[in-house]
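Sharing a structure with you now.
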Amino acid sequence: MPMNMIHRRICSSDSWGRAVREYMIPWTLRDVDLGADSLEIGPGFGATTRVLVGMVPKLTIVEVDPASARRLDAQFPDVTVIEGDGAHLPLPDNAFDSVTCFTMLHHVPSPAEQDRLFAETCRVLRPGGVFAGMDSRVSLRFRVVHLFDTMVVVDPKTLPDRLRAAGFTDIEVTPAVGRFRFRARKP
């Protein structure tokens, strides 16, 4: 589902790109080895992709919005761009060393679809592979930015059990002001 105009403006801004580059990705991926072949789910406008492309030798991204997928494909010629749904990944089993997602889980339209995304992520990871990401926590500003958007917030307190049910182990969820990060490993 497309984002509202306010949300689109924020996520395509230089200040968002700077926050992603200087804070969000360093905090989220601190001490995480992405390996050689990584998948990013839901890159949106590509601020996270712009950073990840310099961190791994091979990057694949899956974006559900067709217009965004086309824009990303033109913007990142060395990245494999797939138009698709993270809850129904059109990818083979055991294909990636790591999977990441940043501030997009709350755009997945239901907890059941979020759980399906977690299971699909586990399926496409190689044994020992890591799933790492971050998402936002509810606040008034967050609600305003998401008016008329899909907004199904993930509760960081229930996330470990949900990831465990999807097949992950070594689960860490770290809350912070306004956001949380998570890491989990495929056994």
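These numbers come from the heavy atoms of this one structure, side chains and all, not from hydrogens, waters or symmetry mates.
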So do I25 and T48 actually touch side chain to side chain, heavy atoms under 4.5 Å?
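T48 vs I25: side chains touch.
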
So which atom in T49 and which in P43 form the shortest heavy-atom distance, rounded to 0.1 Å?
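In terms of heavy atoms, the two residues are closest at OG1-CB, 3.2 Å.
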
Side-chain touch V32/S98, heavy atoms, less than 4.5 angstrom:
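They are not in side-chain contact.
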
Under the side chain to side chain contact (heavy atoms under 4.5 Å, CB included) rule, what do M55 and L29 come out as? Steps first, then yes or no, please.
CA-CA 11 Å; M55 296 176 70; L29 298 181; 3.9 Å; yes

From T100 atom OG1 to I61 atom CD1, the distance as rounded to the nearest 0.5 Å:
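T100 atom OG1 to I61 atom CD1 measures 10.0 Å (nearest 0.5 Å).
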
Any non-hydrogen side-chain atom of H88 less than 4.5 Å from a side-chain atom of E113?
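Yes; the side chains approach each other to less than 4.5 Å.
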
Find the distance between CG (D37) and OG1 (T60) and round it off to the nearest 0.5 Å.
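The OG1 atom of T60 is 5.5 Å from CG of D37, to the nearest 0.5 Å.
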
Find out whether H107 and V64 are in side-chain contact, i.e. whether some heavy atom of one side chain is under 4.5 Å from a heavy atom of the other.
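Of all side-chain heavy-atom pairs linking V64 with H107, none is under 4.5 Å.
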
State, with a plain yes or no, whether a side-chain heavy atom of L34 is found less than 4.5 Å away from one of L52.
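A side-chain contact exists here, since the closest heavy-atom pair is under 4.5 Å.
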
Would you say the side-chain atoms of D97 pair up with the backbone N or O of S38, donor to acceptor, closer than 3.5 Å?
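Between the backbone of S38 and the side chain of D97 there is no qualifying donor-acceptor contact (under 3.5 Å).
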
With a 4.5 Å cut-off on side-chain heavy atoms, are R18 and Y23 touching?
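Of all side-chain heavy-atom pairs linking R18 with Y23, none is under 4.5 Å.
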
Look only at the side chain of E63 and the backbone of G44, and say whether a donor-acceptor pair between them is shorter than 3.5 Å.
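Checked: pair present.
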
Just wondering, do R30 and R181 contact through their side chains at under 4.5 Å, heavy atoms?
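A side-chain contact exists here, since the closest heavy-atom pair is under 4.5 Å.
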
Each residue besides V154 in its hydrophobic cluster should be listed here, by chain and number; the cluster joins Ile, Leu, Val, Met, Phe, Trp and Tyr at side-chain heavy-atom distances under 4.5 Å.
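Taking Ile, Leu, Val, Met, Phe, Trp and Tyr as members, V154 shares its hydrophobic cluster with L39, I41, V62, I82, L89, L91, F96, V99, M104, L105, V108, L117, F118, V124, L125, F131, L159, L163, F168, I171, V173, F180, F182.
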
Hey, does T28 have a side-chain heavy atom less than 4.5 Å from the side chain of F102?
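Result yes, sub-4.5 Å side-chain heavy-atom pair found.
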
Give a yes or no on whether the backbone of A132 and the side-chain of R183 come within a donor-acceptor separation of less than 3.5 Å.
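Between the backbone of A132 and the side chain of R183 there is no qualifying donor-acceptor contact (under 3.5 Å).
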
Is there a side chain to side chain contact (heavy atoms under 4.5 Å, CB included) between V79 and E40 once you walk through the steps?
CA-CA 10 Å; V79 172; E40 180 187 16; over 6 Å; no

Is there a donor-acceptor contact under 3.5 Å from the side chain of R162 to the main chain of P111?
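Here the side-chain-to-backbone pair exists.
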
For salt bridge (Lys or Arg N to Asp or Glu O under 4.0 Å), just list the numbers for D161 and R164, CA-CA rounded to whole Å, side-chain angles, deciding distance to a tenth of an Å, and then say yes or no.
CA-CA 5 Å; D161 287 338; R164 200 169 292 107; 2.7 Å; yes

Can you name the closest pair of heavy atoms from A119 and A166 and give their distance?
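What the structure gives for the nearest pair is N-CB, 3.7 Å.
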
For R116 and A87, work out which heavy atoms get closest and say how close.
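In this case the closest contact between R116 and A87 is CG-O, 3.0 Å.
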
Given K186, R126, R123, the one that forms side-chain hydrogen bond (donor to acceptor under 3.5 Å, both in side chains) with N94
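Testing each of K186, R126, R123 against N94, the sole residue satisfying side-chain hydrogen bond (donor to acceptor under 3.5 Å, both in side chains) is K186.
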
